[in-house]
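Just so you know, ligand 1 is whichever comes first in the structure, and atom 1 is the first atom listed for that ligand.
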Amino acid sequence: MSSIRSNRRLLMAAGTVLALATTAACSSSSTSGSGSAGGAAHKKVTLITGVKSDPFYITMSCAAQDEAKAKGMDFNADGSAQWDVSVQRPLLDSVAAARPDGLMIAPVDTDALTPSLKQIQSSGTKVALVDTVVSDPSVGITRISSDNEKGGRVAADALAKQMGEKGSVIVISVKPGVSTTDARIKGFTEEMAKYPRIKVLPTLYDNDQPATAASQIQSTLAAHPDLGGVFAGNTNTGKGIATGLKQAGKQGTVKVAAFDAEPDEVAALKDGTLQVLVAQDPASIGKGAVDQLAAVFDGKPVDKSIGTNMVAITPANMNDAGVSKYFYKSGC
Ligand code: T6T
């Protein structure tokens with residue numbers, strides 16, 4: 001049975017709601033037949049996030065924990081100390097040994113961890129991919145994330161507007177091989193091509209280190225004094241760019257569109273160092289993954305792919321309750 005869910009996606013920019021009807025590409029649904037014995041209650045579910053201390057993943061984990069508790073599941077969460085395959089792999093090895101009923105994971109690379117994930121899946125653990133994905137389509141009963149390419153396009157249009165549609169712009173992001181940020185960069189650069197008076201400089205990667213992003217933006221300013229705009233691919237990059245611009249005395253002069261809405265980014269939006277945040281809905285990603293695992297445990301249809309909301313936040317709409325609810329949390 002195929003279940004098609006169409007969800008209305010709202011992207012708000014400066015109080016303007018851009019309603020984007022997005023059909024979650026749940027082109028087919030699958031069930032596990034009779035489902036695991038005993039349904040969702042008391043099933044053991046583990047969440048492995050990309051970076052444990054990142055407010056994006058903290059917000060996701062808090063919502064997943066609440067939903068798992070409501071369903072009587074035994075939930076635990078862990079995450080890498082930094083965005084690195086060699087740091088996340090031992091966590092996966094522990095999951096393989098523990099053999100939980102369900103694993104929710106944001107893999108930090110599109111390919112490097114696939115063998116481990118396939119081995120965990122073949123041992124009977126149901127895998128839900130949250131936020132990031134791997135290239136191998138056989139991994140995961142469900143994939144839940146933002147439409148990152150669309151988010152990159154929204155960032156490009158918002159930044160171009162801030163720059164008066166002219167000047168040079170640079171993209172700084174985490175590292176190549178991350179499904180989400182790669183998609184944002186793709187959407188951003190393709191959209192920016194529509195602005196002939198904007199020159200896109202070569203992308204820089206900061207390994208998800210704010211200090212590196214701060215240093216990179218300052219060296220970019222030294223090499224390109226006319227720099228007009230920056231696209232920050234995620235939380236730690238946005239945080240670092242804000243710091244670097246302040247250190248260079250360029251806050252507000254160089255316009256910034258940043259993905260995510262963790263507390264330091266929100267503060268930088270408020271003080272005028274960042275101009276636009278493309279916030280995701282990590283809570284819905286976490287809750288949704290628990291719900292899909294519960295469905296498979298209960299032998300019910302599973303949505304293979306679910307898209308979640310994004311909101312473009314600016315100083316003009318950041319105090320609206322419907323927008324500020326997307327700010328990420330640093331704790332449950
Ligand atoms: O932007 C989020 C997440 O969507 C991405 O996959 C990696 O970076 C973040 O975790 C924020 O650090």
Side-chain angles (χ1 to χ4, degrees), residues 47-64 77-85 87-88 104-113 128-135 140 143-152 154-155 171-188 203 205-213 231-243 256-266 268 274 276-286 288-289 306-313 326-330:
L47 167 61
I48 302 289
T49 61
V51 177
K52 193 171 187 176
S53 62
D54 188 307
F56 172 85
Y57 290 120
I58 292 171
T59 305
M60 178 193 292
S61 181
C62 293
D78 203 345
S80 319
Q82 63 196 56
W83 199 276
D84 191 311
V85 167
V87 175
Q88 194 173 58
M104 301 163 50
I105 182 166
V108 294
D109 183 85
T110 50
D111 300 301
L113 297 161
L129 296 176
V130 291
D131 178 46
T132 54
V133 297
V134 294
S135 308
R143 297 175 170 212
I144 307 180
S145 75
S146 307
D147 182 338
N148 288 288
E149 201 170 308
K150 193 166 290 181
V154 168
V171 179
I172 302 182
S173 191
V174 180
K175 60 175 69 173
V178 178
S179 62
T180 49
T181 49
D182 285 353
R184 294 167 196 169
I185 296 169
K186 179 175 185 292
F188 180 88
T203 296
Y205 293 99
D206 61 16
N207 280 323
D208 204 38
Q209 299 300 313
T212 304
F231 175 44
N234 80 327
T235 49
N236 283 343
T237 305
K239 217 160 96 166
I241 285 167
T243 301
V256 185
F259 235 85
D260 295 310
E262 56 86 49
D264 291 327
E265 288 181 301
V266 172
L274 303 180
V276 183
L277 300 180
V278 179
Q280 303 182 72
D281 188 355
S284 292
I285 296 174
I306 298 175
T308 50
N309 282 341
M310 289 175 290
V311 173
I313 304 178
Y326 288 96
F327 295 170
Y328 304 170
K329 303 192 288 192
S330 295

What part of Thr235 sits under 4.0 Å from ligand 1 if we count only heavy atoms: the side chain, the backbone, both or neither?
-> both

Nearest neighbour in protein (non-hydrogen) for atom 1 (O) of ligand 1 | Asp260 OD2, 2.6 Å

Within a strict 4.5 Å, meaning less than it, do heavy atoms of the Ile48 and Gln88 side chains meet?
-> yes

Contact region, Glu262 to ligand 1, non-hydrogen atoms below 4.0 Å, reads neither

The atoms of ligand 1 lying under 4.0 Å from a heavy atom of Thr180, numbered in the order shown, are 5 (C), 6 (O)

Is the closest basic N to carboxylate O distance between Lys175 and Asp208 below 4.0 Å?
-> no

Contacting atoms of ligand 1, where contact means under 4.0 angstrom from a heavy atom of Asn234 | 1 (O), 8 (O), 9 (C), 11 (C), 12 (O)

Without swapping roles, check the side chain of Tyr328 against the backbone of Gln280 for a donor-acceptor pair under 3.5 Å.
-> yes

Quick check: does any side chain N or O of Asp109 sit under 3.5 Å from a backbone N or O of Asp111, one acting as donor and the other as acceptor?
-> yes

Would you check whether Arg184 has a nitrogen or oxygen atom less than 3.5 angstrom from a nitrogen or oxygen atom of ligand 1?
-> yes

Contacting atoms of ligand 1, where contact means under 4.0 angstrom from a heavy atom of Thr132 = 6 (O)

Side chain to side chain contact (heavy atoms under 4.5 Å, CB included) between Val130 and Leu47, intermediate numbers included = CA-CA 9 Å; Val130 291; Leu47 167 61; 4.1 Å; yes

Answer yes or no: is there a donor N or O on one side and an acceptor on the other, between the side chain of Asp84 and the main chain of Gln82, under 3.5 Å?
-> no

Just by distance, do the side chain of Ser61 and the backbone of Tyr57 share a donor-acceptor pair under 3.5 Å?
-> no

Non-hydrogen atoms of Phe56 versus ligand 1: any pair closer than 4.0 Å?
-> yes

Of Tyr57, Tyr328, Phe259, the one whose closest heavy atom lies nearest atom 10 (O) of ligand 1 is Tyr57

Decide whether the shortest distance between a heavy atom of Met60 and an atom of ligand 1 is less than 4.0 Å.
-> no

Distance-only N or O hit between ligand 1 and Asp131, under 3.5 Å | yes

Arg184 side chain to Glu149 main-chain N or O, any donor-acceptor pair under 3.5 Å?
-> no

